[in-house]
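First the structure, in the form of structure tokens, and then the observations on it.
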Amino acid sequence: MDRDFTSDKIAVLIDADNAQLKALKAILDEISKFGRIIVKKAYGDWKNPSLKYWEDELKQLAIKPEQQFAYTKGKNATDFALVIDAMDLLYTNNYNAFVIVCSDADYTPLAIRLRETGAYIFGVGEDKTPIAFRNSCDSFLLTRHLLGKPEAAEEEVVVEDRIVEEPVSGEAGSMAYDLSEIHKLLRAASETYQDDDGWVNAATAGNYIKRARPDFELKAYGFSKLSDLLNKHKNMYEVKKQSNGKLKICSYKMKN
């Protein structure tokens with residue numbers, strides 16, 4: 001995620017019909033790293049038995065519940081209520097970041113509209129979240145990562161010059177994390193941001209990747225830092241670290 005982003009005016013909007021109750025605290029903890037959360041609202045029909053466990057958690061986390069009755073069977077009134085509130089909040093001009101907690105692609109137009117105003121948009125959802133909604137956000141966070149769910153053991157497989165980080169066991173065993181696109185983006189960042197000697201700041205490259213791929217999370221590939229990924233592929237990158245007295249700066253250069 002783009003750690004350079006900070007805000008003192010964040011609104012968190014949660015679709016309780018399509019969000020994970022167990023992830024709420026982790027979501028708020030993560031978003032709090034980027035600034036002050038002013039609004040915390042959860043939308044749902046609280047008479048619905050499927051939401052009966054939400055009350056205690058909403059109270060503890062000081063999240064305001066918004067009641068939305070299902071006026072017509074099969075229609076999701078919660079979506080409309082959240083969208084209307086989001087637009088009302090937008091036009092107050094009091095918020096410069098919005099967090100939409102849901103795994104539903106129906107919120108894609110809302111995220112696009114909010115982003116068009118210059119607001120920073122976080123999406124938060126499960127692995128099943130459609131790519132359209134992920135890409136409509138500035139940053140998309142997977143709840144699996146926020147919950148600290150153990151990652152499967154990984155091994156590297158090389159297939160026709162394409163490097164794949166493939167989980168070999170565990171719940172994510174059916175997924176293969178293709179690093180080839182990330183390597184292409186690292187090369188594109190190098191071509192765009194390199195200095196006269198061919199070096200590019202890894203933080204700058206990371207921010208570029210996040211803009212191009214909002215759902216990019218290093219944890220999904222088994223790395224905690226971009227420098228770890230670069231160091232693992234020394235056949236492709238030359239890596240150096242420097243200090244300006246306060247901060248350690250990691251830079252890389254393409255080898256070919």
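Each residue takes its place number in the sequence, starting with 1. All values below come from the heavy atoms of this structure, side chains included, with hydrogens, waters and symmetry mates left out.
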task: I would like to know whether His183 and Leu229 meet side-chain contact (heavy atoms from CB on, under 4.5 Å); could you show each step before the answer?
output: CA-CA 10 Å; His183 290 306; Leu229 186 156; 4.2 Å; yes

- prompt: Checking side-chain contact (heavy atoms from CB on, under 4.5 Å) for the pair Gln67/Asp45: CA distance, chi angles, key distance, verdict?
  reply: CA-CA 5 Å; Gln67 172 65 34; Asp45 183 354; 2.9 Å; yes

task: Assess whether ring-ring contact (aromatic ring centres under 6.0 Å, His included) is satisfied between Phe122 and Phe34, documenting all intermediate values.
output: CA-CA 11 Å; Phe122 293 92; Phe34 300 92; 5.5 Å; yes

message: Run the side-chain contact (heavy atoms from CB on, under 4.5 Å) test on Leu141 and Glu217 for me, step by step, so that the C-alpha distance in whole Å, both residues' side-chain angles and the decisive distance to 0.1 Å come before the verdict.
response: CA-CA 8 Å; Leu141 313 177; Glu217 288 287 343; 3.5 Å; yes

message: For Tyr43 and Asp79: C-alpha separation, side-chain torsions, deciding distance, then whether side-chain contact (heavy atoms from CB on, under 4.5 Å) applies.
response: CA-CA 8 Å; Tyr43 302 79; Asp79 292 17; over 6 Å; no

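Looking only at side-chain heavy atoms (C-beta outward), Gln242 and Asn201 stay at 4.5 Å or farther from each other. In this structure, the side chains of Met87 and Leu90 come closer than 4.5 Å at one or more pairs of heavy atoms. Leu13 is listed as a side-chain neighbour of Leu89, based on a closest heavy-atom distance under 4.5 Å. Contact annotation: the side chain of Leu230 never approaches that of His233 to less than 4.5 Å [non-hydrogen atoms, C-beta and beyond]. Inter-residue side-chain proximity for Ile14 and Lys41 is flagged as unmet; no heavy-atom pair is nearer than 4.5 Å. Annotation: side chain of Leu28 is in contact with side chain of Ile63 (closest heavy-atom distance under 4.5 Å). No side-chain heavy atom of Leu58 sits under 4.5 Å from any side-chain heavy atom of Lys40.
Rounding to the nearest 0.5 angstrom, the gap separating the CG atom in Asn93 from the NZ atom in Lys9 is 8.5 Å. Atom-to-atom distance recorded for Phe133:CZ and Ile112:CD1 is 10.5 Å, nearest 0.5 angstrom. The distance from atom CG of Leu179 to atom CZ of Phe223, rounded to the nearest 0.5 Å, is 6.0 Å. Note that CD1 of Ile27 is 7.5 Å distant from CD of Gln20, once rounded to the nearest 0.5 Å. Atom CG of Leu21 is separated from atom NZ of Lys52 by 12.5 Å, given to the nearest 0.5 angstrom. Separation of atoms CD1 (Ile84) and CD (Gln68) is listed at 7.5 Å; rounding is to 0.5 Å.
Within a 6.0 Å radius of NZ in Lys255, more than 12 heavy atoms belonging to other residues, nucleotides or ligands are found. Counting non-hydrogen atoms of neighbouring residues, nucleotides and ligands closer than 6.0 angstrom, the NZ atom of Lys25 reaches no more than 12 such neighbours. Environment of CD in Glu55: sparse, with no more than 12 heavy atoms of neighbouring residues, nucleotides or ligands closer than 6.0 Å.
Counting only distance, with no hydrogens or angles, the side chain of Thr192 and the backbone of Ala189 share no donor-acceptor pair below 3.5 Å. Listed for the Asp197 side chain is no donor-acceptor partner under 3.5 Å among the backbone atoms of Trp199. Panel note: side chain Lys210, backbone Phe216; a donor-acceptor pair is recorded below 3.5 Å. A donor-acceptor pair is defined here as one N or O able to donate and one able to accept, closer than 3.5 Å; such a pair exists between the side chain of Arg134 and the backbone of Thr129. Ser190 contributes no side-chain N or O that, together with a main-chain N or O of Leu186, makes up a donor-acceptor pair within less than 3.5 Å.
Among all heavy-atom pairs drawn from Gly125 and Ser103, the shortest one is CA-OG, 3.5 Å. Across every non-hydrogen atom of Arg115 and Asn135, the tightest pair is NH1-O, 3.6 Å. Of all heavy-atom pairs between Ala111 and Ile121, the closest is O-CG1, 3.9 Å. Considering all non-hydrogen atoms of both residues, Ala105 and Thr108 come closest at O-OG1, 2.7 Å. Nearest heavy atoms, Arg113 versus Thr117: NH1-CG2, 3.2 Å. In this structure, Pro214 and Asp138 approach most closely via the heavy-atom pair CB-O, 3.8 Å.
Using the six-membered ring where Trp is involved, Trp54 and Trp46 have ring planes that are tilted, between 30° and 60° apart.
Shown here are the ring-ring contact (aromatic ring centres under 6.0 Å, His included) partners of Tyr252, two or more places apart in sequence or in another chain: Tyr237. In this structure, the salt bridge (charged side-chain N to carboxylate O under 4.0 Å, His left out) partners of Arg213, at least two apart in sequence or on a different chain, are Glu181, Asp215.
At a threshold of 4.0 Å, the pair Glu238-Lys240 does not count as salt-bridged, since none of the basic side-chain nitrogens sits closer than that to a carboxylate oxygen.
Using a 4.5 Å cut-off between side-chain heavy atoms of Ile, Leu, Val, Met, Phe, Trp and Tyr, with links allowed through other members, Met254 and Tyr193 fall into the same hydrophobic cluster.
Of the residues Leu142, Leu24, Leu146, Ile100, the one that meets the side chain to side chain contact (heavy atoms under 4.5 Å, CB included) test with Val124 is Leu146.
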